Colleague: 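I'd like to ask you about the structure that follows.
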Amino acid sequence: MRLDVVSIFPDYLAPLDLSLIGKARRDGLLDLTVHDLRDFAHDRHRTVDDTPYGGGAGMVMKPQPWSEALDHVVAQGSSAFPGAAERVPTLIVPGPGGEPFTQQIAKDLAEEPWLAFACGRYEGIDERVYEWAGERMPVRILSLGDYVLNGGEVAVLAMVEAIARLLPGVIGNAESLIEESHEDGLLEYPVYTKPAEWDGRAVPEVLLGGNHRAIAEWRHEQRVQRTAARRPDLLPPVAAAAALADLEERVATPADAPDLQVLTRACWAPEFARYGMFGAGEEDLETVRDGIQEWDTRVWRRDGTLIASVRVRPHPTREATWQIGRLMVAPYLQGRGLGRELLAYAESLAPEDIRTFWLNTGAKSTENLRMYRKAGYRVRPGEGEFPGTVDLTKRLVSAGD
Ligand code: JD8
């Protein structure tokens, strides 16, 4: 990824030479250049600001130095993209009135090949610069938070770190990105290290027992509780059932078949778009009923409406393997962490002797694959159980392993 930053205080960005971001730059994972806006002000005092039209306190940043600086950034940067002559950066302009910067925006921007950041100062940048830039490249005005800073540099430091740490290879153990706050709408769980007893305070027993499933369940519960306590705004109101516990769960019966058929078709619709085939969504009612008999199928309802379902069984042909299937959340409630909860719950239903979890999903089902990978599953080589699918497994490491 290429990053350009323009500021009248280029030394403010020096912290980006340090730590993991500094190492990523030295390892060529990140190509970051800082430009001094005053290099594009040609009067004796290299003036970049002037008094505001209409009066008022403070100064405003002049348009000309900005247009020259951004022209230079585009001209200099496009050489980093041979063969993509028309390539321009996405311009990020931090501002207190901007769209709130979030983890999701960090993830979106981490997919971009080239970002440029314009650090304003004083009362801000002449508004015509935004229009001028918008005619040449995508422009996003982002705010770090609802408080006032003196300029954009601090915001750029935070945004560059939040974005760059998501780039492959920047964070040594990508695993640790998984259960972070804001990653899936839940805050992080409490962490502990040696000694097990400190200042008469003990580490929670479950963390010392080596039972990884129990640890995973405890940590998830801690995350839900902390989020409910500190950031209830992250737990979508009624709709959610931020937790399965908010819904009525029971083992499915043939009477659930019609609703299950509807939920399956709704959840498989995107697969139809991807593969031109409906997969499970093509099952007729009889087949759905058979599935309810052959699997331990669980359904979650709220006020009678089927919200979610998952089914589990011992894998028919593989030793000590727990097969998880048809993990479904009503489309309008997807993306809020319920799927991860369903998966954790399906895993918790496994008998003690189980050593491997097994599931199957579409080879191009990026969101599903992202969730399963985050939950520790690995894609098995080769085609999965059905055409266009892949099988994924997660091995349980017990205390004895
Ligand atoms: C860019 C100039 C200062 C802002 C008059 C104080 C972001 N979350 C945030 N708070 N403040 C900023 C921010 C402040 C900036 C500039 C970002 C450029 N200022 C101005 C308007 C009021 N002074 C920010 N992201």
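One-based numbering along the sequence shown. What you see is a predicted model; the values in this text were computed from it and never measured. Both counts, for ligands and for their atoms, begin at 1 and track the order of listing.
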Colleague: Name the residue from Arg213, Arg340, Lys394 that meets the salt bridge (charged side-chain N to carboxylate O under 4.0 Å, His left out) definition with Glu347.
Modeller: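 Passing option: Lys394.
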
Colleague: Identify, for atom 20 (C) of ligand 1, the protein heavy atom at the shortest distance, and state residue, atom and that distance.
Modeller: Tyr122 O, 3.3 Å

Colleague: Inspect the contact between Arg301 and Asp256 and indicate whether a charged nitrogen and a carboxylate oxygen are less than 4.0 angstrom apart.
Modeller: yes

Colleague: Is the shortest side-chain N to carboxylate O distance from Asp199 to Arg201 below 4.0 Å?
Modeller: yes

Colleague: Output the list of atoms in ligand 1 that are nearer than 4.0 Å to some heavy atom of Leu142, sorted by atom number.
Modeller: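 Numbered from 1, ligand 1 contributes 25 (N).
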
Colleague: Short list, please: which atoms of ligand 1 are under 4.0 Å from a heavy atom of Val148?
Modeller: 6 (C), 10 (N), 11 (N)

Colleague: Hey, mind stepping through Arg128 and Asp126 against salt bridge (Lys or Arg N to Asp or Glu O under 4.0 Å) and telling me if it holds?
Modeller: CA-CA 6 Å; Arg128 292 166 290 180; Asp126 185 301; 2.5 Å; yes

Colleague: Does a side-chain N-to-carboxylate-O contact under 4.0 Å join Glu112 and Arg140?
Modeller: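 Result for this pair is no, no salt bridge flagged.
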
Colleague: Are any of the N/O atoms on Gly145, whether in the backbone or the side chain, positioned under 3.5 angstrom from an N/O atom of ligand 1?
Modeller: yes

Colleague: I'd like the name of whichever of Val60, Val93, Asp146, Leu149 reaches closest to atom 3 (C) of ligand 1 through any heavy atom.
Modeller: Leu149

Colleague: Given that the side chain starts at C-beta and the backbone is N, CA, C, O, which of these parts of Pro94 lies under 4.0 Å from ligand 1, counting heavy atoms, or is it both or neither?
Modeller: both

Colleague: If every non-hydrogen atom of Ala41 is compared with every non-hydrogen atom of Arg46, which pair is closest and at what distance?
Modeller: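 It is CB-C, 3.5 Å.
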
Colleague: So, regarding Arg121 and ligand 1 (criterion: nitrogen or oxygen to nitrogen or oxygen, under 3.5 Å), is there a contact or not?
Modeller: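 For ligand 1, there is no N or O atom that lies under 3.5 Å from one belonging to Arg121.
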
Colleague: Would you mind checking which non-hydrogen protein atom is closest to atom 21 (C) of ligand 1, with the distance to 0.1 Å?
Modeller: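 Going by distance alone, atom 21 (C) of ligand 1 is nearest to Pro96 CG, 3.8 Å.
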
Colleague: Among protein heavy atoms, which lies nearest atom 22 (C) of ligand 1, and at what distance?
Modeller: Glu123 OE1, 4.2 Å

Colleague: Is ligand 1 under 4.0 Å from a heavy atom in the side chain of Ile125, in the backbone, in both, or in neither?
Modeller: neither

Colleague: Heavy atoms only: give me the nearest Pro89-Val74 pair and the separation to one decimal.
Modeller: CD-CG2, 3.8 Å

Colleague: For ligand 1, which part of Phe101 has a heavy atom less than 4.0 Å away: the side chain, the backbone, both, or neither?
Modeller: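 The answer is neither; Phe101 stays 4.0 Å or more away.
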
Colleague: What's the shortest heavy-atom distance between Pro100 and Ile105, and which atoms?
Modeller: O-CD1, 3.3 Å

Colleague: Quick one: nearest non-hydrogen protein atom to atom 9 (C) of ligand 1, plus distance?
Modeller: Tyr147 O, 3.4 Å

